[in-house]
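Here's the structure, in structure tokens; my notes come after.
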Amino acid sequence: ALCATITACYKFPPIGDTKGPFMGGPAVTACFDCLQYLLTESVPSMKSAVFESRIVGFIIHRDLSNFLEILHKIIHNNNSIDRASCQYDEELSGLGNMCLWLSLKIEDNKLKAIHRKGVSPEFIVEDPTSIIDTMRRANTLQTNNELDSLVQTIFCDPSFCKRMSLHPSIVNFVRESVDMLLRRPLPHIPLVLPLSLEHLARSMSREDVEKDHDGLIQFSLQLLYSMMFLDCESKSPFTIDPRLLPLKETLEMLGSKCVEDNNQRSGMMLLFESLKGLISNHCPDITRSMAKTTLICQKVGEPSDEMKKDYISPTLVCDAIRSCFCDGVVSNETAGMRAESMFKLCQAVNPCSEIDVAVVRAILTDSNSQPKFINYSALVKDPLVILKAKAAVWKCRGTRRIMLRVLQNLMKANEAEVMKYSTTDQVAKEFLTSRDAIIVRCLLFVCQSGFLLEETGRENSTPSHCVMSTNLIRSVVTQRLGIVATLIKQNLADITLDWLVEFIPESFFDSPILLNILLDRGSLSPTSRLITASAALRIAVANSSRGESITRQLASVSLSILIESFYLVIGPVGIPVSVLREDDGQDVTNICRKSMFRMVKTCASINAKSAILRNEATIALSKIAAMCKNESSGGVAPRRKLLLKEIWDACAQANSVLGGAMQI
């Protein structure tokens with residue numbers, strides 16, 4: 001009735017042909033009364049309300065071509081329109097005039113209320129066509145938080161996902177939500193992030209799926225979204241690694257539900273087919289090895305015996321991990337990849353606590369010792385115990401990735417326990433910062449040392465690093481501010497600091513903390529203060545383009561400390577420099593001398609675009625050179641004079657690189 005009334009209106013000359021005040025007699029009034037009743041005063045069903053929402057959306061946004069296509073499909077049962085014909089242009093013009101006429105007759109708030117009703121979660125899960133049209137028309141120049149919230153609400157509610165799986169437009173709903181994201185300016189951050197999807201996969205079990213498949217459909221819907229995003233934005237840092245997820249098991253269980261449904265055009269069947277196609281593109285070996293691929297065609301209701309053998313227990317994973325380090329293993333890397341693959345499958349169908357305990361036992365057990373007794377409660381209380389793994393576990397890519405995944409699980413569980421049982425939030429924060437500082441320090445050591453991915457037998461091989469280890473460091477440094485500053489105060493090794501600054505850009509987040517430490521003269525000894533200033537200058541120079549104000553302050557304070565520490569570097573006149581010692585017996589002048597030359601070298605590496613920092617460095621280097629010249633005048637011991645000449649030469653060379661003249 002609504003489509004017929006609209007068709008009659010836009011083909012009625014006083015409405016369809018007029019671009020003015022739409023003057024007309026009783027016929028025009030009758031048309032308006034009929035439309036107003038159908039849109040605002042009728043009590044439709046849920047599907048009728050969604051259809052009215054679509055129609056009003058076309059009217060509000062002047063989506064004329066799609067509006068006309070819907071009218072032809074409903075009235076004339078015609079899915080194709082000749083857009084090049086003159087009749088099409090006439091109908092489009094009349095429909096546009098009708099939309100303008102109706103917008104002038106009905107208040108804008110009433111039309112928007114009708115449209116919003118059809119895009120509420122309760123209506124979307126019954127018929128998502130209205131929200132699909134809305135997402136297709138979404139503004140490409142800005143994000144639409146309301147639409148994102150609606151899609152997120154559907155994804156996060158298993159019951160909503162199950163109800164939506166009955167509608168054949170479920171795949172279009174997911175596709176339009178991805179397309180809406182991709183039309184926006186960069187960065188494209190998906191609604192389903194890799195870690196949340198992995199967490200949802202771990203929360204599923206075969207027993208739960210057999211009883212109630214709401215969680216399976218929810219996971220499948222989010223997986224489809226992530227796979228579509230991966231298909232379009234393969235280089236995005238927010239894409240999933242599909243092999244980390246139980247793809248084969250998901251397709252098998254989803255296919256089994258489709259057989260029970262026995263409806264070739266149901267939403268669940270379309271979801272299964274779309275997922276299978278995307279998985280075939282990215283992981284073709286998985287679909288080839290599936291015994292379930294013929295199940296849909298054969299209409300077999302129960303899973304075959306072959307599929308039931310796919311279950312992998314934690315014990316099998318432990319055996320696979322131990323086999324990586326047995327004598328006579330042809331390829332340690334091949335065995336590690338096999339163990340990692342088994343771990344992923346086991347993790348998808350077993351409780352996290354069971355698989356984590358089993359993996360830690362296997363990692364910490366030596367070939368000549370009995371398996372250690374460890375329970376999950378002890379691991380949650382002390383997740384750092386997993387860092388006791390021997391070097392062979394770190395060197396093997398597969399076992400290292402397994403260990404890091406278990407470590408992340410234990411870190412999350414430990415954080416929840418600490419926050420729950422700590423007396424105050426401050427105590428919990430300090431404990432977690434200390435814990436994460438130990439983890440980051442260990443990971444920094446194994447990453448910068450280069451033994452993780454040691455290339456043997458290859459000439460001129462470029463150094464590489466463990467991506468998962470690097471990502472874990474970046475995640476911890478981002479989440480826990482102050483860790484980098486803590487590690488620097490603990491005299492982080494120069495080579496480790498270089499690796500940290502180069503590969504962990506998030507270290508810049510601790511710049512304000514480092515600045516406060518340097519400004520507080522009583523917080524550190526003069527030697528430690530100069531070491532911290534050296535590290536702070538390195539961070540400021542490496543991140544000079546990210547925050548001009550904070551980098552300039554950090555560099556300025558660091559260079560001021562360098563000038564103040566000049567006499568610690570050269571030592572007092574007439575006294576052997578070795579008499580200045582730290583509490584642990586280290587030579588103060590030797591430590592400060594290394595820090596000074598390192599800071600001078602850092603100044604020489606300042607980017608040419610950072611004019612402000614280059615000027616600051618030029619002034620500081622000129623002052624140090626002038627102090628060297630003043631100290632060299634008169635009778636000076638040969639050893640002291642040689643040191644002053646080395647400092648002057650280093651400053652002159654750095655100043656020359658910066659393009660400045662020595663201001664003496």
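Here the structure is a predicted model, which means the values were calculated and not measured.
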Next item on the list: Measure the shortest side-chain to side-chain distance between Arg361 and Cys318 over non-hydrogen atoms and say whether it is less than 4.5 angstrom.
Entry: no
Next item on the list: Determine whether Lys388 and Leu364 make a side-chain contact, defined as any pair of heavy atoms from C-beta on separated by less than 4.5 Å.
Entry: yes
Note to self: Between Asp510 and Val484 (side chain of the first, backbone of the second, donor and acceptor by atom type, cut-off under 3.5 Å), is there such a pair?
What the structure shows: yes
Checklist line | Side-chain donor or acceptor of Ser595 paired with backbone N/O of Ile591 under 3.5 Å | finding: yes
Notebook entry, point to check: How about Leu432 and Asn414: do any of their side-chain heavy atoms sit closer than 4.5 Å?
Noted result: yes
Checklist line | Heavy atoms of other groups near Lys412 NZ, more than 12 under 6.0 Å | finding: yes
Margin query: Between Arg480 and Glu415 (salt bridge meaning N to carboxylate O under 4.0 Å), is one present in this structure?
Written below: yes
Notebook entry, point to check: Taking the side chain as C-beta and beyond, is there a heavy-atom pair between Tyr225 and Leu181 under 4.5 Å?
Noted result: yes
Note to self: I'd like to know if the side chain of Ser177 reaches the main chain of Val174, judged simply by a donor and an acceptor atom lying under 3.5 Å from each other, with no hydrogens or angles considered.
What the structure shows: yes
Compile the donor-acceptor pairs under 3.5 Å between side chains in residues 531-538 and protein atoms, sequence neighbours left out, one pair per line.
| residue | atom | partner | partner atom | Å |
| --- | --- | --- | --- | --- |
| Thr532 | OG1 | Ser528 | O | 2.8 |
| Arg538 | NE | Asp498 | OD1 | 3.3 |

Notebook entry, point to check: Is there a side-chain contact between Cys447 and Ser469 (heavy atoms, below 4.5 Å)?
Noted result: yes
Check: So do Leu193 and Leu197 actually touch side chain to side chain, heavy atoms under 4.5 Å?
Finding: no
Checklist line | Asp520 atom CG: more than 12 heavy-atom contacts under 6.0 Å | finding: yes
For residues 485-497, please give each side-chain donor-acceptor pair under 3.5 Å, one per line with the distance, not counting sequence neighbours.
| residue | atom | partner | partner atom | Å |
| --- | --- | --- | --- | --- |
| Thr486 | OG1 | Gly482 | O | 2.7 |
| Gln490 | OE1 | Arg441 | NH1 | 3.2 |

Notebook entry, point to check: Quick one: does Ser234's side chain have a donor or acceptor within less than 3.5 Å of a partner on Leu230's backbone?
Noted result: no
Item checked: Test item: Ser236 side-chain N/O and Phe238 main-chain N/O as donor-acceptor pair under 3.5 Å -> yes
Item checked: N/O donor-acceptor pair under 3.5 Å between Thr470 side chain and Cys466 backbone -> yes
Note to self: What I'd like to find out is whether the side chain of Phe343 reaches to under 4.5 Å of the side chain of Thr399, using heavy atoms alone.
What the structure shows: no
Notebook entry, point to check: For the side chain of Thr153 and the backbone of Ser149, is there at least one donor-acceptor N/O pair under 3.5 Å apart?
Noted result: yes
Checklist line | Backbone N/O of Lys162 and side chain of Ser165: donor-acceptor pair under 3.5 Å | finding: yes
Next item on the list: Please list all pairs passing the ring pair (Phe, Tyr, Trp, His ring centres under 6.0 Å) test where one or both residues lie in residues 474-507, with sequence neighbours left out.
Entry: His465-Trp499, His465-Phe503, Trp499-Phe503
Next item on the list: Please confirm whether the backbone N or O of Ile539 pairs with a side-chain atom of Asn543, one donor and one acceptor, at under 3.5 Å?
Entry: yes
Margin query: Do Met468 and Leu472 have side chains that approach each other closer than 4.5 Å (heavy atoms only, starting at C-beta)?
Written below: no
